[in-house]
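Computed over heavy atoms, backbone and side chain alike; hydrogens, waters and symmetry mates excluded.
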There are 2 protein chains.
Amino acid sequence: MKQTARIFAVPPAPVSRLAKISKESTRDKVYAAVRGAILSGRLRCGERVKEIPLAEELGVSRAILREAMQQLVHEGLLEFNPYRGARVIELRPEQIDEIVEARLLLETRAVRLACERIHDAQRDELHALEKQLRKEKDALRAGQLDLRLHQRIWEISGHVTIEKLLRQLTSPLFAMSLLMRSAESRKDQEASPLPRGTHERLVASICEGSPADAAREIETHLTENWTAIRRRVAEFVARQEAEKL
Amino acid sequence: MKQTARIFAVPPAPVSRLAKISKESTRDKVYAAVRGAILSGRLRCGERVKEIPLAEELGVSRAILREAMQQLVHEGLLEFNPYRGARVIELRPEQIDEIVEARLLLETRAVRLACERIHDAQRDELHALEKQLRKEKDALRAGQLDLRLHQRIWEISGHVTIEKLLRQLTSPLFAMSLLMRSAESRKDQEASPLPRGTHERLVASICEGSPADAAREIETHLTENWTAIRRRVAEFVARQEAEKL
DNA sequence: GATTGTAGTATTGTCGACAATTAGACAATG
DNA sequence: CATTGTCTAATTGTCGACAATACTACAATC
């Protein structure tokens, strides 16, 4: 007895505008489900992903799951080794540097564009998101809100290509940040919250349309946030190497 | 009687260094084969890609082919519509603008890094490539050499993340340039060769380690080259729209 | 004549089964 | 005791078959 679709976080039938009739395929749903599992921490970085159990859990065949997994490989969330299975990626500190640098190049452009193209309704939305983020005490949910805020800004920029690239770059970073959060003691977590002030200033700059300010804010925001995480990752792999010996 | 592997451009057993024992899977070979078919013009932009004939031609099952095609979707070379099959993408002029802009952001950084990190052996290689490119009269081969030259520079930059993104951005552009070349009259082709001088200056700047010059060269190179193609694409879609009526 | 309904066919979506490969346990050998 | 060889179980790689859907042509209706 299969229990299909229980896993899928079924979205409330996204008000199909006439242009977008393309019903999403099973593969897309599986892709979203696995991606969500990684990005919510249910599948942790470095963890082996076995096809049979996961396919059964999702109520689909392995073939479909494998197709979805290929997409995740290309998105940088999974690693494949022939006959040895797939693992969720595990970034090394240098890779984090690279990804953050690339993100900076692209996201700077994105926020500048957002400054030019933002509408009033979107201004309200950004402020609401920022306010919600400021009030959120739970670290995990705060991280997810932070991600949503960024994504919203990319969308507002109207630059689809850059948006896709940023989404791709951010996924593995976010997954690693989850691993760090779960790996470290509760005390450390309290000691390093997200730098809230930068969000406020970033949103403000975009809403008043000051590209230079916005660019500066996004730079400090990214740099501060990820140098902290980079340090933790470095400590983490050092500890891991030590255990190996 | 199947004729497996006849299609695969079998590479001469890429001197496996001890670290890289991972024998490439059938899926990777299929991926490379289809990608090659698109990037060599055998599969043209906008063309429908039917699974059964292609799978038979490659001598593999549809399942494998579909996995490979998923990767190509993510790379931006294929488009999927449920139950309607896959097509090779067809870029609109605005998309070309976007991609070129993103490429510019990333490739500028790449050439600057290449200036810092290049070795003597690589200098020789770049010069050799550039010389070969300068002598090449055939437009298609010249385009492929141009691509190789760029890719080599990305590799020299040592920035794996940027390299991957650039590869992704360039694939669809290149495919479209092939379409343009085949769509237009022979006379026009002669009239618009690649701007060779910029390659020479670009390679020179990188080899002598002048980041500012190199960045300027890559910018003019990309801009000149792709505004020309963008114009042709615009004409092409206009002609196409006209035929529809 | 244009539109609508209705086969039939071609193509994609999905699945379960079997083959190939790896990893780990355990015995044999020096 | 360390090393090597062999067997077994678990897992992935590959395939062919069947179901679901979309496209085409043609007939029916107004």
From OH of A/Tyr83 over to C1' of C/dT21, roughly how many Å is that when rounded to an integer? 5 Å
Round to the nearest Å and state the distance from B/Lys50 atom NZ to D/dC23 atom P. 13 Å
Working for salt bridge (charged side-chain N to carboxylate O under 4.0 Å, His left out), residues B/Glu47 and B/Arg87: CA-CA 5 Å; B/Glu47 187 174 338; B/Arg87 308 188 92 83; over 6 Å; no
In whole angstroms, the gap separating P of D/dA20 from CD of B/Glu51 amounts to 18 Å
What integer distance in Å separates A/Glu56:CD from C/dT14:C1'? 16 Å
Pull out every residue in residues 61-76 of chain B that has a heavy atom closer than 4.0 Å to any atom of DNA chain D, ordered by number, or say none. B/Ser61, B/Arg62, B/Ala63, B/Ile64
Can you tell me the distance, in whole Å, between the CG atom of B/Leu78 and the C1' atom of C/dT12? 15 Å
Measure CG/B/Asn81 against C1'/C/dG13 and give the value in whole Å, please. 14 Å
Do A/Phe236 and A/Glu90 make a side-chain contact, defined as non-hydrogen atoms from C-beta onward lying under 4.5 Å apart? yes
Taking only N and O in the side chain of B/Arg84, is any of them less than 4.0 Å away from OP1 or OP2 of C/dT12? no
Could you check whether any side-chain heavy atom of B/Val233 comes within less than 4.5 Å of a side-chain heavy atom of B/Ile229, counting everything from C-beta outward? yes
Can you find a heavy atom in the side chain of B/Ser25 that is under 4.5 Å from one in the side chain of A/Tyr83? no
Between D/dT11, D/dA20, D/dG13, spot the one nearest the side chain of A/Arg48, thanks. D/dT11
Between the side chains of B/Glu163 and B/Arg109, is the shortest nitrogen-to-carboxylate-oxygen separation below 4.0 Å, so that they form an ion pair? no
Can you measure B/Ile52 atom CD1 to D/dC18 atom P for me and round it to whole angstrom units? 14 Å
Starting the side chain at C-beta, find the nucleotide from D/dT21, D/dG13, D/dT14 nearest to B/Thr26. D/dT14
What pairs with B/Glu75 under side chain to side chain donor-acceptor pair (under 3.5 Å), at least two apart in sequence or on another chain? B/Tyr31, B/Arg35, B/Ser171
Under the salt bridge (charged side-chain N to carboxylate O under 4.0 Å, His left out) definition, can you give me all pairs with a residue in residues 148-160 of chain B, not counting sequence neighbours? B/Glu125-B/Arg152, B/Arg152-B/Glu155
D/dT12 P sits how many Å from A/Arg87 CZ, rounded? 11 Å
